[in-house]
Amino acid sequence: MRKAVPSSVVPEGHAAGASHWRSSLRTRIALWAGLVNVVLLVLLVLATTWFARRLILDDARRDTHATTQEAAKRLDGALHVVTITTHGISDLVGSAQLSPDELTTTLRAMVKATPGCVGGLLILEPRERSDAPFARYVAADGGDRDFVADAYPFRDQGWYQRTVASPGGWWSEPYLSQTAGRVWMVTYNMPLREPGRGARTRGMVSLDLPLAGLTDPVDSLAHLPGWRVSLVAPGGTLAMNPEVGVERQETLDEYITRVGRSDLHQAAQAVRVRQPLQYVHVDAISGERRYTVVEPIGDSGWSLLVAQSYDLITDRLTQALWLVVAIGTLLALVCMLVVRRLAQHISQPVEGLSSAAARLAHGDYEMPVPHVHRPDEVGQMARTLEHARGSIRQQLREIEDMTAARQKLESELSIAREIQQAMLPPGRVIDREHTHLEAYARLEPAKAVGGDFYCFIQTDPDCLWFAIGDVSDKGVPAALFMARTVTVLEVAASTHPSPERVLAEASRRLVQGNDACMFATVLCGRVDVRSGACVLASAGHDAPLLLHADGRHELLPVQPGPPLGFEVGDAFPLWSGQLPAGATLLAWTDGITEAFDGRNVAFGAERIPEALQPGATAREQCEGLIARVHAFTDPAPQSDDITVLAIRRRLDSPPTTPEAPPTQENAHADATVHPA
């Protein structure tokens, strides 16, 4: 007997999957069942398709062309009535001497006599300079308007200037009429000239037609399955389109460019030259074949585009093919009965493989796959399944190891987060007689650990140092650099008297050993509890905001120096000022200003004052601002570390001795900037 091939070994002769054609499953099945059935069915389908396709498609094209021409004639009739009426008013007013009341009556009669017209405008310039001009709009519903009485500058409008300069009438592009109740309109404008050679233009006349009056006659075509109808205004605007609403005010060329419909270039060219066109094309987006007809609407400048899907045109062909498919199915059943006995000895090993595959699908990887010794496709599939079974078992063991390692890493990151949070000082309150200083900050990292930081340092009872910063990058590297930066700042604050020297010392120390080229932006300051004197220096950090007790706010003019870590720097301009009683100094990192919502819009610095409340505690200011940021970005995930620091100075009661009024020399002390 032949030995079974081990599951972990695939014979070299079968590695490429090649078996003799006489023992191939594909050969035995295709030779007896597939060949006869497929050949007969394909021949029958091809013969029927060839005959029916030409007949049905030619008939459908003629029907589409005739329907488009008929619809264009209907639209031309509706437009022609308006143009005839407009010309009639122009000839009548230009040749007759009519009073303003007669002009209004004539215009109203023309509006009512024109089907679908909702209003008309007549502007008549005076013959003599002493006469008053006539400019009145008459609406079918009675909503008239006297442009002269309303002092409406009609002569400055583009439509008036174009009309009086035009040699003849012209149709406007669709526009939204506020006067008619936000209804889309089109207008036919006609210059009004005195009769005779060299006649001068005395004004204009126009009639308004609702856009629905043009789209309704072809709306029934647009609702036919597989039909697409577009109405193009003289200027190229899509007044009707299944994909582009008229409110978009998009031209046919703009639509082609925007969506990439290069297959409509021929149609667009036909519209531009006002020529009819019929052609077959493939939708550049969906890949669907369509038959499109372009028909100019008289000499109005409007064009009608009607496209019919080949899927609809070939429906009748499909119905005929169903009969062929039914006959082919019957033949297939007969062939299946003939080869049924021949396939029995093939189905048994396939069923065995199916059972083995089902066990693998249910997670049973212990039982070996049968039939690995067969030389045909069944044997090849069995060996493939057996090889897959061994690979899956190996991968499951590796996944278990990776899961354990991941859990260990997550545990370590959780511990690192707790350690980092423990490094940050809690909020504090310093009380000195009637003066109280509240300091609070809050940090929310984007990952388990982050690169933002803050610190409060009290070097003497009446003085509080504070700093807030943001390290480049996120995660563990940023957290390590953040810890180093905080330590350096605390040491520097204990040995230097002013913030600019603290930043200079920190800049010198952080450059040392910084092979990763990381850096941090830092805002460092010191405030005196009793007097409120405050000094600030910035290493590339955003300037803080000062919120006064009465609700006024200002962005302090702190000039930034270079970030810490790139290179040694000592140019950190010093800002000196006052933290008034009841005021709050607020600083933040770019996780606030660069917090993006779902539309990729940033929170920005301009929204920060809206989240602040005068009289609130330092903690309430921090928590309120962070809550406003989360509400703005929801449901977008947090993309950067968020840190806010607030320092508020308050008095229990006003001082017993009134303060001396500011002198001319110290009146602007709050805005003084001293170089480092």
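FYI, the numbering just counts along the sequence from 1. Values below: every heavy atom of this structure, side chains too, minus hydrogens, waters and symmetry copies.
- Judged by distance alone, the side chain of D597 and the main-chain N or O of V601 form a donor-acceptor pair under 3.5 Å.
- Of the possible polar contacts, none joining the S286 side chain to the D283 backbone as a donor-acceptor pair under 3.5 Å is found.
- Contact annotation: the side chain of V232 approaches that of L238 to within less than 4.5 Å [non-hydrogen atoms, C-beta and beyond].
- Counting only distance, with no hydrogens or angles, the side chain of Q249 and the backbone of P174 share a donor-acceptor pair below 3.5 Å.
- Contact record, F456 with A439: CE2-CB, 3.8 Å, taken as the closest heavy-atom pair.
- In terms of heavy atoms, G235 sits closest to T251 at O-CG2, 4.2 Å.
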Check: residues 143-152 side-chain donor-acceptor pairs under 3.5 Å, at least two apart:
residue : atom : partner : partner atom : Å
D144    : OD1  : A139    : N            : 3.2
D144    : OD2  : R108    : NH1          : 3.2
D144    : OD2  : R108    : NH2          : 2.4
R145    : NE   : D150    : OD2          : 3.1
D146    : OD1  : V148    : N            : 3.0
D146    : OD1  : A149    : N            : 3.4
D146    : OD2  : R136    : NH2          : 3.4

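- Taking every heavy atom of both residues into account, L489 and A506 meet most closely at CD2-CB, 3.8 Å.
- One finds no salt bridge joining R530 and D528 here, because no Lys/Arg side-chain nitrogen approaches an Asp/Glu carboxylate oxygen to under 4.0 Å.
- Side-chain atoms of Y454 come within 3.5 Å of backbone atoms of P425 as a donor-acceptor pair (strictly under, hydrogens ignored).
- N189 meets the side-chain hydrogen bond (donor to acceptor under 3.5 Å, both in side chains) test with no other residue; sequence neighbours excluded.
- Among all heavy-atom pairs drawn from L555 and A543, the shortest one is CD1-O, 3.6 Å.
- Residues P242 and S230 meet the side-chain proximity criterion, which asks for heavy atoms closer than 4.5 Å.
- For the atom pair OG (S507) and CD (Q512), the distance works out to 10.0 Å, reported to the nearest 0.5 Å.
- For the atom pair CG (L564) and CZ (R484), the distance works out to 11.0 Å, reported to the nearest 0.5 Å.
- F519 has its ring centre less than 6.0 Å from the ring centre of F566.
- Residue L536 holds its CG atom at 4.0 Å from SG of C534, rounded to the nearest 0.5 Å.
- Side-chain atoms of H541 come within 3.5 Å of backbone N or O of W588 as a donor-acceptor pair.
- Contact of the R162 side chain with the W170 side chain is registered, since non-hydrogen atoms from C-beta on lie closer than 4.5 Å.
- Ion pairing of R649 with E438 is absent here, as no side-chain N (NZ or NE/NH1/NH2) approaches a carboxylate O to less than 4.0 Å.
- E173 contributes a side-chain N or O that, together with a main-chain N or O of T237, makes up a donor-acceptor pair within less than 3.5 Å.
- Considering S498, S538, P562 as possible partners of F572, the one that fulfils the side chain to side chain contact (heavy atoms under 4.5 Å, CB included) test is P562.
- Salt bridge annotation for R442-E444: present, with a cationic side-chain nitrogen under 4.0 angstrom from a carboxylate oxygen.
- Residues H553 and P614 are not in side-chain contact: their nearest non-hydrogen atoms beyond the backbone lie 4.5 Å or more apart.
- In this model, no donor atom of one side chain and acceptor atom of the other lie less than 3.5 Å apart for Q638 and H630.
- In terms of modelled atom types and a separation under 3.5 Å, the side chain of H436 and the main chain of R432 share no donor-acceptor contact.
- In this structure, P210 and V118 approach most closely via the heavy-atom pair CG-CG1, 3.4 Å.
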Apply side-chain contact (heavy atoms from CB on, under 4.5 Å) to residues I642 and D452 and explain how you reach the verdict. CA-CA 7 Å; I642 292 177; D452 280 9; 5.6 Å; no
I would like to know whether R648 and L437 meet side-chain contact (heavy atoms from CB on, under 4.5 Å); could you show each step before the answer? CA-CA 6 Å; R648 178 171 180 256; L437 191 71; over 6 Å; no
Determine, step by step, whether I647 and Y440 satisfy the side-chain contact (heavy atoms from CB on, under 4.5 Å) criterion, reporting the C-alpha distance in whole Å, the side-chain angles of both residues, the deciding distance to 0.1 Å, and the verdict. CA-CA 7 Å; I647 296 179; Y440 185 80; over 6 Å; no
Dump the intermediate steps for side-chain hydrogen bond (donor to acceptor under 3.5 Å, both in side chains) on Y255 and E243, then the final yes or no. CA-CA 10 Å; Y255 165 75; E243 296 179 3; 2.5 Å; yes
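- Using a 4.5 Å heavy-atom cutoff, the side chains of L176 and E247 are not in contact.
- The pair E505-R509 meets the salt-bridge criterion, with a side-chain N (NZ, NE, NH1 or NH2) lying under 4.0 Å from an Asp/Glu carboxylate O.
- Counting heavy atoms from C-beta outward, T633 and F603 have side chains that stay 4.5 Å or more apart.
- Side chains of T521 and D470: a donor-acceptor N/O pair is absent below 3.5 angstrom, by distance only.
- Remark: the backbone N or O of G565 is paired with a side-chain donor or acceptor of N514 at under 3.5 angstrom.
- Every pair tested for side chain to side chain donor-acceptor pair (under 3.5 Å) that includes a residue from residues 605-615 fails, sequence neighbours excluded, so the list is empty.
- Aromatic ring pairs are classed by plane angle as parallel below 30°, tilted from 30° to 60° and perpendicular above 60°; the pair Y188 and W171 is tilted.
- Here the OH-CD1 distance, from Y137 to I123, works out to 12.0 Å after rounding to the nearest 0.5 Å.
- Here the CG atom belonging to L585 is positioned 6.0 Å from the CG atom belonging to L556, to the nearest 0.5 angstrom.
- Electrostatic pairing of R258 and E254 does not count as a salt bridge here, judged by no charged N lying under 4.0 Å from a carboxylate O.
- T617 OG1 to E620 CD: the interatomic distance, rounded to the nearest 0.5 Å, is 3.5 Å.
- A side-chain donor-acceptor contact under 3.5 Å links D460 to the backbone of C463.
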CA sep, side-chain torsions, deciding dist, call: L464, R526, side-chain contact (heavy atoms from CB on, under 4.5 Å): CA-CA 6 Å; L464 177 68; R526 186 193 68 212; over 6 Å; no
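- Side-chain atoms of T589 come within 3.5 Å of backbone atoms of T643 as a donor-acceptor pair (strictly under, hydrogens ignored).
- Counting only heavy atoms from C-beta outward, the side chains of L579 and L546 approach each other to under 4.5 Å.
- Side-chain contact annotation: S177 with W184, donor-acceptor N/O pair under 3.5 Å absent.
- For the pair P544 and V558, the tightest heavy-atom approach, listed with the atom from each and the gap, is CD-CG2, 3.9 Å.
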